[in-house]
Amino acid sequence: MGLALHCIANVGSREMAEAFAGEIPKILVAGDTMDSVKQSAALCLLRLYRTSPDLVPMGDWTSRVVHLLNDQHLGVVTAATSLITTLAQKNPEEFKTSVSLAVSRLSRIVTSASTDLQDYTYYFVPAPWLSVKLLRLLQCYPPPEDPAVRGRLTECLETILNKAQEPPKSKKVQHSNAKNAVLFEAISLIIHHDSEPNLLVRACNQLGQFLQHRETNLRYLALESMCTLASSEFSHEAVKTHIETVTNALKTERDVSVRQRAVDLLYAMCDRSNAQQIVAEMLSYLETADYSIREEIVLKVAILAEKYAVDYTWYVDTILNLIRIAGDYVSEEVWYRVIQIVINRDDVQGYAAKTVFEALQAPACHENLVKVGGYILGEFGNLIAGDPRSSPLIQFNLLHSKFHLCSVPTRALLLSTYIKFVNLFPEVKTTIQDVLRSDSQLKNADVELQQRAVEYLRLSTVASTDILATVLEEMPPFPERESSILAKLKKKKGPSTVTDLEEAKRERSADINGGPEPAPASASATSTPSPSADLLGLGAAPPAPVGPPPSSGGLLVDVFSDSPSAVAPLAPGSEDNFARFVCKNNGVLFENQLLQIGLKSEFRQNLGRMFIFYGNKTSTQFLSFTPTLICSDDLRANLSLQTKPVDPTVDGGAQVQQVVNIECVSDFTEAPVLNIQFRYGGTFQNVSVKLPITLNKFFQPTEMASQDFFQRWKQLSNPQQEVQNIFKAKHPMDTEITKAKIIGFGSALLEEVDPNPANFVGAGIIHTKTTQIGCLLRLEPNLQAQMYRLTLRTSKETVSQRLCELLSEQF
């Protein structure tokens, strides 16, 4: 029986799961089963559940398998713990009784001497693998509600922390590895529960000792765990005590991954009391930081400088320093944000103008500094014009000296600055008009620059002083909103790291600078510039307020409608993306500047399930977000689709998921259309894409011998059963890619069946609710002519026709 269980587990196919998933639980919980067989049965069931979770039935055995945690044989307990942990992640309610039993078993292991569990003691550490597995199982649940169980668990965790302080019983590395594995898993559980201040502080102190350990892996793990501890209100102060050690690690650590974790920890432990010290350390490190992590450090410095700025002159200095040190890694979001804050705060405008003027005097300035300088001097250059060292003419000459070195977008911004100078400083009007009138501007090859030069020159010539003052007045304050730098950092790091940490910090230090609460996303201004031009998605005008408005690139299907309209035509490129999904199930189906749609699908026989992921690429909420599946009457009769509704609000930088359950009733040729309607920045959006649910998704591959294949091939010889297509190759004729596409299409690829080894043959069965349709295919490539001949034979003409159309498009 043991060998049979091993064989089933090693093969681990869906067929094995279908045949044995109902029997193995009975063996596992039977009273007369031998310990070694129980152990094998638990691991075999775990293997089948991981490969085919839908085929393992939950039943009466689930309540009985939990009691295996009390088994006398530790091998059975270890195997059962692995199984229960995996099952509990999907079905926590079914296995919640395992918590008290796991605590009880863990207590017996932790308090036992190494001689008590002699067979399961590893270098003086009793049952380390089982201890780790039990601690992981407990992380599937919140802290126990029963005071007795909770007290016993706390006692276990304290004992593990105490043992970590004891002198090692062996100098061998295996002893320290086993001991530390249990310790780190215990700390993970303490962090997960986040309810015992004493344990959290002790865990932090223990990790602090590892920060200077000679073993690189231990330093890395300590920094990673402390990042999470820093977000707990109970242990944040304890983490801050290690700031000197962490900053020292930035300077001396040789491993880049450890340095990156040190940056993460400094970011996590930062608050109002230590912000200036941490930002200074990060700026200092940035000068020598690895290129791979520079952009992330820049984003973190920008966020911390803004979040904890009490004196905004320090904020301006910090960001300009950031641009000076790592200008190539300063994204548009960062310098947009500086401008927004300077415009919104009267007390810092004069200082900002003076500082950028001084910074621009350096012989070599980064282009981002020129952008910031051009914008700020164009708005507030008059505040420093009284000083003869920064007179209007000197300001203009300084900016214009950088003009020829800049890219087109920066030159466009500088032209807007010049026309602003015409309004601020009438004495330099003639000089600026000469520049605008020059051939290099009026006859510029770039349309944007040429148009700005023509319009600004005409404006300065024709308009009266009053009209100029009105058109070119100072930018109004921007509405207060959450910085899009944070959204960019979340996107870069992934949702499970920075997001959780930052949200916890935001709760702890909400509104730390006393600024107004962020306005809701729908409160943006009426104009909707393209996301790249909009200052941080603030809904206000882009940096160059005069001149042609930026185009939104055809993103807005219906810009004038205030209410949901008819279904939009298919988005550009939708057909190409649809074709790419014929032979694959996962990937990005559609993407523009606002929205990304990703798919993950699985199909078995006539059933399927599709997960659709809608990602908001902007920093602004999508409101009234409504995805709808549209099917014709014919398609609805042959294909059953059931969807679950999604949240009508999608936050900036967030992603929502929609599940579609699919059943193929009969063969079909059309594909459903996915229509998404939502409101972005007050403007209605309407996008339609074809959803790649095609007939071949319900293909089940069938292996056949050469004789069987040709016998079946001859049986399907009626003219209406065969469809043939001869076509020119659209892609390079690569053998391995062709094989992968045929397998991805759903059929089995039959080797050594065709007499010509260059040909490809396949076989499979299309499953529908009403019938099963056998399918044979043969693909004959002609390398010299760069042509293919594709022949499909099935028992139904419409199926042959559709499969031939779909597969021909792939080559």
Side-chain angles (χ1 to χ4, degrees), residues 335-336 338-357 360 370-403 406 409-438 440-442 444 448-478 525 527 529 533 535 538 540-550:
W335 74 263
Y336 284 173
V338 186
I339 288 166
Q340 183 212 356
I341 286 173
V342 170
I343 285 176
N344 284 13
R345 297 188 175 271
D346 296 341
D347 55 331
V348 80
Q349 290 165 359
Y351 180 81
K354 179 174 177 291
T355 308
V356 295
F357 176 78
L360 285 169
V370 177
K371 291 176 183 175
V372 175
Y375 199 110
I376 289 178
L377 290 178
E379 294 293 328
F380 311 113
N382 58 312
L383 300 178
I384 60 169
D387 188 333
R389 291 170 296 179
S390 54
S391 67
L393 188 59
I394 292 174
Q395 286 186 44
F396 170 74
N397 288 335
L398 180 60
L399 284 174
H400 198 55
S401 67
K402 316 290 181 187
F403 187 89
C406 297
T410 308
R411 291 186 189 186
L413 187 147
L414 287 176
L415 288 177
S416 297
T417 301
Y418 298 167
I419 193 66
K420 287 266 188 175
F421 276 4
V422 169
N423 178 47
L424 290 176
F425 314 121
E427 61 267 37
V428 296
K429 180 176 178 178
T430 309
T431 308
I432 290 171
Q433 285 177 331
D434 290 342
V435 170
L436 294 174
R437 199 178 283 117
S438 64
S440 59
Q441 305 305 332
L442 290 183
N444 198 294
E448 173 77 10
L449 292 180
Q450 186 186 101
Q451 185 172 354
R452 287 193 185 215
V454 169
E455 291 182 0
Y456 291 167
L457 178 61
R458 193 69 181 150
L459 183 65
S460 68
T461 308
V462 174
S464 67
T465 309
D466 291 342
I467 292 174
L468 267 180
T470 305
V471 173
L472 303 172
E473 67 180 350
E474 198 175 286
M475 286 289 288
F478 293 97
S527 63
L535 285 191
L538 295 168
V546 181

**OP:** Please round to the nearest 0.5 Å and tell me the distance separating atom CG of L360 and atom OG of S390.
**Re:**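 The CG atom of L360 sits 12.0 Å away from the OG atom of S390.
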Original post:
Closest heavy-atom contact between V342 and F380?
Top reply: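 Where V342 meets F380 most closely, the heavy atoms are CG1-CE1, 3.8 Å.
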**OP:** Give, for atom CD1 of I341 and atom CD1 of I343, the distance between the pair rounded to the nearest 0.5 Å.
**Re:**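 If I round to the nearest 0.5 Å, the distance is 11.0 Å.
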Original post:
Taking Q395 for the side chain and G381 for the main chain, is one N or O donor matched with an acceptor at less than 3.5 Å?
Top reply: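 Side chain of Q395 to backbone of G381, a donor-acceptor pair under 3.5 Å: yes, one is there.
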Original post:
Taking the six-membered ring where the residue is Trp, are the ring centres of Y418 and F396 under 6.0 Å apart?
Top reply: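 That pair passes the under 6.0 Å test.
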Original post:
Got a salt bridge between R389 and D387, using NZ or NE/NH1/NH2 to carboxylate O under 4.0 Å?
Top reply: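 A salt bridge is present here (some side-chain N lies under 4.0 Å from a carboxylate O).
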Original post:
Where do Y456 and I432 land on the side chain to side chain contact (heavy atoms under 4.5 Å, CB included) test, with the steps shown first?
Top reply: CA-CA 10 Å; Y456 291 167; I432 290 171; over 6 Å; no
Original post:
CG of D346 to CG of L383: how many Å apart, nearest 0.5 Å?
Top reply: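 If I round to the nearest 0.5 Å, the distance is 9.5 Å.
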Subject >> Spacing of R437 atom CZ and T430 atom OG1 [to the nearest 0.5 Å] >> reply: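 The distance works out to 8.5 Å.
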Original post:
Is any side-chain heavy atom of E427 closer than 4.5 Å to a side-chain heavy atom of P392?
Top reply: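 With C-beta onward as the side chain, the pair touches.
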Original post:
Counting distance only, does the side-chain N/O of K354 pair as donor-acceptor with the main-chain N or O of Q349 below 3.5 Å?
Top reply: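 No, the answer is negative, given that no donor and acceptor are paired below the 3.5 Å cut-off.
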Subject >> Side-chain heavy-atom pair I384, L377 within 4.5 angstrom cut-off >> reply: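 Yes, their side chains come closer than 4.5 Å.
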**OP:** Nearest 0.5 Å please: distance from the NZ atom of K402 over to the CG atom of L414.
**Re:**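 Between K402 NZ and L414 CG, I get 11.0 Å after rounding to 0.5 Å.
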Subject >> Beyond-backbone contact of I339 with K371, side-chain heavy atoms, under 4.5 angstrom >> reply: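 No, their side chains stay 4.5 Å or more apart.
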**OP:** Carefully, step by step, assess K429 and Q433 under the rule side chain to side chain contact (heavy atoms under 4.5 Å, CB included).
**Re:** CA-CA 6 Å; K429 180 176 178 178; Q433 285 177 331; 3.4 Å; yes
Original post:
Is there side-chain contact between F421 and L399, with at least one heavy-atom pair below 4.5 Å?
Top reply: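 In contact.
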**OP:** Hey, could you give me the CZ/OG1 distance between F403 and T417, rounded to the nearest 0.5 Å?
**Re:**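 Reported value, rounded in 0.5 Å steps: 10.5 Å.
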Original post:
Would you say the side chains of Y375 and S416 form a donor-acceptor pair under 3.5 Å?
Top reply: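 Their side chains do not contain a donor-acceptor pair, so the 3.5 Å distance test is not met.
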Original post:
Do Q450 and L442 have side-chain heavy atoms sitting under 4.5 Å apart?
Top reply: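 Contact flag for Q450/L442 side chains = no.
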Subject >> Any side-chain heavy-atom pair of K420 and E379 under 4.5 Å >> reply: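 Yes, side chains in contact.
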Original post:
Would you say T410's side chain and C406's backbone share a donor-acceptor pair under 3.5 angstrom?
Top reply: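 No; zero donor-acceptor contacts below 3.5 Å.
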Original post:
Side chains of I419 and S460: closer than 4.5 Å at any heavy-atom pair?
Top reply: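 With C-beta onward as the side chain, the pair touches.
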Original post:
Does a side-chain heavy-atom distance below 4.5 Å link E455 with L459?
Top reply: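 In short, these two side chains do not touch, never coming nearer than 4.5 Å.
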Original post:
Under 3.5 Å, is there a donor-acceptor pair between the side chain of R411 and the main chain of L449?
Top reply: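 Checking the backbone N and O of L449 against the side chain of R411, no donor-acceptor pair under 3.5 Å is found.
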